[in-house]
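No experiment lies behind these values; they were computed from the predicted model shown. What's counted below: heavy atoms across the whole structure, side chains too, no hydrogens, waters or symmetry copies.
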Amino acid sequence: MDGPLSPRESARFIAERSRDVSIDFCGVRRVAELLRAQASGPQLRVDGWKAIHELNPRAADEAAVNWVFVVDTLNFSFWSERAGHQCVVRYGGKPYTGYWSLCAAVNRALDQGIPITSASYYARVTLDQVRHIFRSDTDVSMPLIEERHRVLNETGKILLEKFGGSFLNCVRKSEKSAQKLMHLVVESFPSFRDVTQFEGKRVSFYKRAQILVADTWSVLEGKGDGCFKDISSITMFADYRLPQILTYLGALKYSDRLLEKLLKGEMLSYGDKQEVEIRGCTLWCVELIRDCLLELIEKNGEKPNEEINSVLLDYYLWDYARDHREDMKRIPFHRTRCIYY
């Protein structure tokens, strides 16, 4: 059987056939103009990943790469069932929620001498140990804890068998190609195979595989083993926050029937047609925003600090969504509970 369409090909294919989600080209331009103001600042540079986020590793070494691998292996499904009732992890005197609760829990475990980023440890870690490591400081547990345990065991065993227990060995096999690394991850580790069907085609998003490549590039500061010559071929990471912020900013539009469903808090299954349309149109929308942004920069004779790519745009928009949570409350995010995002 032929492989699925690439994330970029999938997004275009979906966007051209989508019925309940559409891209607003005036909105695309407005978002590009919003981003243009950041084009020469720290938030659209590879080193912003470390400079802006205190929980990310400061080093650019093997231990940091293994930290990234564990975190992105578990980088899925943090949304809470009820507003105000969520998993909270306190670390360094601060409370963290969502994805950052995962990072805080990993750092807390490492501080306590638990080798959570070592494959030989997490290949055999028990469910009770996982519950303890990712414990919440509220009565709301981190979602899908049994799945996190299963994925950790499975991924740890494969990393030991195929890559000597270090993700850096996997990175080196990619020969400084972001695409090769993404495909190596997807082929080697089953939990990263974010593939479904749409209109008779197999489509892929590879959200976690792509963010793993991007975070590896970022932690290594785009240098040495992380100098991926084709990093701009990686698309945004199709999750549930970016569709929300792009709808809020007017670049995406939902049909009345889809909006009604989301406002009621109805769950969408992974692979459901509307769920695939939301993810596919979001991904294609960010590709169009990037193209428009590059055009604006060129037209104005400006020089950004870095080559603008979809990775940096995703990082910025995801942070923007967190900073504007209160404003975005009227825009629902789609609820899909799965291990892929």
F189/F167 aromatic ring centres below 6.0 Å
no

Closest heavy-atom contact between L220 and G226?
CD1-N, 3.5 Å

Please report the shortest heavy-atom distance between I23 and C285, naming the atom on each side.
CD1-N, 3.8 Å

Test side chain to side chain contact (heavy atoms under 4.5 Å, CB included), reference Y270, set V276, I339, D194, output is D194

Applying side-chain hydrogen bond (donor to acceptor under 3.5 Å, both in side chains) to K229 and not counting sequence neighbours gives none

Residues two or more places apart in sequence or in another chain: which of them pass side-chain hydrogen bond (donor to acceptor under 3.5 Å, both in side chains) with E16?
R12

Kindly state each residue pair satisfying side chain to side chain donor-acceptor pair (under 3.5 Å) with at least one member in residues 163-174, sequence neighbours excluded.
E62-S166, R172-D225

Taking the inter-plane angle between the rings of [X] and [Y] on a 0 to 90° scale, is it parallel (under 30°), tilted (30 to 60°) or perpendicular (over 60°)?
| X | Y | value |
| --- | --- | --- |
| H324 | Y320 | parallel |
| W49 | W67 | perpendicular |
| Y240 | H334 | perpendicular |
| F13 | F198 | perpendicular |

What pairs meet the ring-ring contact (aromatic ring centres under 6.0 Å, His included) rule with one or both residues in residues 113-134, with sequence neighbours excluded?
none

Run Y96 and D137 through side chain to side chain donor-acceptor pair (under 3.5 Å) and show every step you take.
CA-CA 10 Å; Y96 293 95; D137 288 309; over 6 Å; no

Going by heavy atoms in the side chains, are [X] and [Y] under 4.5 Å from each other?
| X | Y | value |
| --- | --- | --- |
| L74 | V106 | no |
| V195 | S204 | yes |
| L35 | I308 | no |

Donor-acceptor under 3.5 Å (Q244 side chain, I331 main chain)
yes

One pair to check against side chain to side chain donor-acceptor pair (under 3.5 Å): Q210 and T235. What are the steps and the verdict?
CA-CA 7 Å; Q210 292 208 107; T235 71; 2.7 Å; yes

Path from F25 to V21 over hydrophobic side-chain contacts below 4.5 Å:
yes

Are L294 and L283 co-members of a hydrophobic cluster defined by side-chain heavy atoms under 4.5 Å apart?
yes

Centre of F333's six-membered ring, under 6.0 Å away, within 45 degrees of the axis: is that where NZ or CZ of R241 sits?
yes

Between R148 and F76, is NZ or CZ placed under 6.0 angstrom from the six-membered ring centre and within 45° of the ring axis?
yes

Atom CD1 in I14, atom NZ in K201: separation rounded to 0.5 Å?
12.0 Å

One should read off an interatomic distance between L212 CG and K207 NZ, to the nearest 0.5 angstrom, of 11.0 Å

Test: salt bridge (charged side-chain N to carboxylate O under 4.0 Å, His left out). Region: residues 179-193. Which pairs qualify, not counting sequence neighbours?
E175-K180

Scan residues 250-260 for pairs that pass salt bridge (charged side-chain N to carboxylate O under 4.0 Å, His left out), counting only residues two or more places apart or in two chains.
D20-R257, D24-K253, E260-K264

Short N-O contact, K157 and E154, less than 4.0 angstrom
no

Exceeds 12 heavy-atom contacts within 6.0 angstrom, atom CD of E298
no

Kindly check if the number of other-residue, nucleotide or ligand heavy atoms within 6.0 Å of CZ (R19) is above 12?
no

Under the criterion side-chain hydrogen bond (donor to acceptor under 3.5 Å, both in side chains), which of Q274, E277, E199 is the partner of S18?
E277

